[in-house]
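Working notes, beginning with the structure itself.
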Amino acid sequence: MTADASGAVVLYAEFTAQDGKADDVQALLLDLTGRVRAEPGNIVFDPHRRTESPNDFFVYEVYRDDQAFQAHITADYGREFNDVLTELIVGDGSRLTWLSPLA
């Protein structure tokens, strides 16, 4: 995990739903979205479904700082989300990519 110059933690998560499970993943993700956006340290939590490949999901996330990100990943509802998500997607979990601004 990497914080940018402002201290913000910026990343995106990607995952692919198993065949026939994309709508279940979408419902699960939409439920999580409201909870994450209510976190005091969350700045952005924007989930997307790829138009050309509707089993693929992409979530852009920004947290105020490392402490806010740690609060996010240790929240009980986040663990519950990941436990259920793992049963609905291809692979072991989300693929996370950390981002740093160019300017």
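Note that this is a predicted model, so its numbers are computed, not measured.
With a 4.5 Å cut-off on side-chain heavy atoms, Tyr63 and His72 count as touching. In this structure the side chain of Leu28 reaches within 4.5 angstrom of the side chain of Leu85, judged on heavy atoms. At least one side-chain heavy atom of Asp19 sits under 4.5 Å from a side-chain heavy atom of Asn55. At least one side-chain heavy atom of Leu99 sits under 4.5 Å from a side-chain heavy atom of Tyr12. Looking only at side-chain heavy atoms (C-beta outward), Leu11 and Phe69 come within less than 4.5 Å of each other. In this structure, Val9 and Asp65 have side chains that are not in contact, with every pair of non-hydrogen atoms separated by 4.5 Å or more.
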Let me see the working for Glu39 and Val36 under side-chain contact (heavy atoms from CB on, under 4.5 Å), right down to the final yes or no.
CA-CA 5 Å; Glu39 294 173 5; Val36 175; 3.9 Å; yes
I'd like to know whether Asp92 forms a side-chain contact (heavy atoms from CB on, under 4.5 Å) with Thr86, so could you lay out the CA-CA distance, the side-chain angles of the two residues, the decisive distance to 0.1 Å, and finally the verdict.
CA-CA 6 Å; Asp92 294 336; Thr86 300; 5.9 Å; no
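A continuous path of ILVMFWY side-chain contacts below 4.5 Å connects Ile89 to Tyr77, so both sit in one hydrophobic cluster. Val90 and Leu88 are assigned to two separate hydrophobic clusters, defined by single-linkage of ILVMFWY side chains at heavy-atom distances under 4.5 Å.
Nearest heavy-atom pair, Ala17 versus Ala22, reported as atom, atom and distance to 0.1 Å: CB-CA, 3.6 Å. Contact between Glu52 and Pro54 at its shortest, heavy atoms only, is C-CD, 3.9 Å. When all heavy atoms of Pro47 and Leu29 are compared, the closest pair comes out as CB-CD2, 3.5 Å.
Within the structure, every pair that satisfies the ring-ring contact (aromatic ring centres under 6.0 Å, His included) test and touches residues 37-57, not counting sequence neighbours, is listed here: Phe15-Phe57.
Salt bridge absent: Arg79 and Asp83 never bring a charged side-chain N and a carboxylate O closer than 4.0 Å.
Looking at Gln18, its side chain does come within 3.5 Å of a backbone N or O of Glu87 through a donor-acceptor pair. Looking at Arg37, its side chain never comes within 3.5 Å of a backbone N or O of Asn42 through a donor-acceptor pair. Of the possible donor and acceptor atoms, none in the side chain of Glu14 sits under 3.5 Å from a partner among the backbone N and O of Phe58.
Atom NZ of Lys21 sits about 15.5 Å away from atom OG1 of Thr16, to the nearest 0.5 Å. Residue Thr97 holds its OG1 atom at 12.5 Å from OH of Tyr60, rounded to the nearest 0.5 Å.
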